[in-house]
Every structure is written in C-alpha cells, then in structure tokens.
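One structure below.
These figures come from a predicted structure and were not determined experimentally.
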Amino acid sequence: MWLPLSSHANDAQTKMKYTLFCSGCHTADGRGSGDPRIPDMRNYVGYFAAVEGGREFLIQVPGVATAPLKSKELAQIVNWMLRTFSADQLPDDFQPFDEQEVERLRQYVLRSELGSTRKALVTRIEEYKKNN
C-alpha cells in the first residue's frame, strides 16, 4: 500500500519541478510554446529513446544539460516526461535514466550542432516508425 502512495508523491514532486523548470518553454501539457525550436513532445519524445543517439540527445539539449538541478532530479523529470507525454512511443526495452547516466551525459552540451543533430535524429525516428 505504501508504494503507490510514495510513487504518487514522487510523481507530484517531479511534476512540480517540471512545471518550475521546463513548462515555461514546453508548457504544462508538453505541446511546446509554438516556437519551432521547441517541438511538441506529446506522442513523440519517446521515440528519441528508441533510436541511436536519441537517448543522449534528450539530456544534452542545452536547456536540459544546464538546468539548475541535480542529476538525480533531472533523471526523474526526464523519465516523468517520457512516461507522461509519450509512453506509447517508448521502446519495449526502455530503461529509465538514472543519476549516473545523466551526470555523464550532461557533461557535453549540444550547442552549434543542436539543429543538425535533431534533424538527423528525426530522420532516424521516421525510419524507425516505418519499420516498427
């Protein structure tokens, strides 16, 4: 009985952190602000976890990698976003991010190559969708 209550409390805290640190651009429901550089995450962001390089990208995006959060908190938020906005698009073998992985990945921040990296990943995602 304690696990569901604890899980619910953790999700509520994580959602609050998402609201404070992420929703300014991504909005409360993940649809994005309308700026084409901030895409709609709903029913899509989970695909990044399914393609080569996509998992890294999710953490190395500048707003994520440089967020004023501990790596454990950031892992919780990204996992929450994936489950909340795009659970059906996650691969069957998806493993949630953990603190150590996030700490390692956020050491490299995508800057000038952000657009080209995202474009290449979207192409991989479209191929993945055709084949799965």
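For the atom pair Ser23 OG and Lys15 NZ, the distance stands at 10.0 Å (nearest 0.5 Å). For the atom pair Arg31 CZ and Met41 CE, the distance stands at 11.0 Å (nearest 0.5 Å). Atom-to-atom distance recorded for Gln76:CD and Thr14:OG1 is 4.5 Å, nearest 0.5 angstrom. To the nearest 0.5 Å, the span separating CG on Asn10 from CG on Asn79 amounts to 12.0 Å. Here Ile125 contributes atom CD1 and Phe48 contributes atom CZ; the two are 4.0 Å apart, rounded to the nearest 0.5 Å. One distance of note links OG of Ser33 with CG of Asp40; it measures 10.5 Å at 0.5 Å rounding.
With sequence neighbours left out, the side chain to side chain contact (heavy atoms under 4.5 Å, CB included) criterion links Thr117 to Phe57, Leu110, Glu113, Leu121. Residues passing the salt bridge (charged side-chain N to carboxylate O under 4.0 Å, His left out) test with Arg111, sequence neighbours excluded: none. Shown here are the salt bridge (charged side-chain N to carboxylate O under 4.0 Å, His left out) partners of Asp98, two or more places apart in sequence or in another chain: there are none.
Counting heavy atoms from C-beta outward, Val78 and Val102 have side chains that stay 4.5 Å or more apart. A heavy-atom distance below 4.5 Å is not found between the side chains of Met81 and Leu58. Side-chain contact check for Arg118 versus Pro39: some heavy-atom pair is nearer than 4.5 Å. Proximity of Pro91 to Tyr47: side-chain heavy atoms (C-beta onward) are nowhere separated by under 4.5 Å. With contacts defined as side-chain heavy-atom distances shorter than 4.5 Å, the pair Lys129/Tyr44 qualifies. Considering only heavy atoms from C-beta on, Leu82 comes within 4.5 Å of Phe94 through its side chain.
Atom CG of Asn131 has more than 12 heavy atoms from other residues, nucleotides or ligands within 6.0 Å. Within 6.0 Å of atom CD in Gln95, 12 or fewer heavy atoms from other residues, nucleotides or ligands are found, so the atom counts as exposed in its surroundings. Residue Lys72 places its NZ atom among 12 or fewer non-hydrogen atoms of other residues, nucleotides or ligands, all under 6.0 Å distant.
Cluster annotation: Val109 is not connected to Ile38 through the hydrophobic network of ILVMFWY side chains, with a link wherever side-chain heavy atoms come within less than 4.5 Å. In the hydrophobic clustering of this structure, Leu90 groups with Val61; members are Ile, Leu, Val, Met, Phe, Trp, Tyr whose side-chain heavy atoms approach within less than 4.5 Å, directly or through other members.
The backbone N or O of Ala67 lies less than 3.5 Å from a partner atom in the side chain of Arg106, making a donor-acceptor pair. Listed for the Glu127 side chain is no donor-acceptor partner under 3.5 Å among the backbone atoms of Thr123.
Between Phe85 and Tyr18, the gap from one ring centroid to the other is short of 6.0 Å.
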### Message
Working note: Asp11 + Arg83, criterion side chain to side chain contact (heavy atoms under 4.5 Å, CB included); need CA distance, chi angles, decisive distance, verdict.
### Response
CA-CA 11 Å; Asp11 274 357; Arg83 285 191 330 267; 2.8 Å; yes

* Report the C-alpha distance between Asp29 and Thr27 in whole Å, list the side-chain angles of each, state the deciding distance to 0.1 Å, and finish with yes or no for side chain to side chain donor-acceptor pair (under 3.5 Å). => CA-CA 6 Å; Asp29 67 358; Thr27 69; 3.0 Å; yes

*I would like to know whether Gln89 and Ser86 meet side chain to side chain donor-acceptor pair (under 3.5 Å); could you show each step before the answer?*
CA-CA 5 Å; Gln89 290 72 41; Ser86 195; 2.8 Å; yes

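Geometrically, Arg55 engages Phe97 in a cation-pi contact defined by less than 6.0 Å to the ring centre and at most 45° from the axis.
Ion pairing of Lys70 with Glu73 is absent here, as no side-chain N (NZ or NE/NH1/NH2) approaches a carboxylate O to less than 4.0 Å. Salt-bridge formation is not detected for the pair Arg124/Glu52: no Lys NZ or Arg NE/NH1/NH2 atom is positioned less than 4.0 Å from an Asp or Glu carboxylate oxygen.
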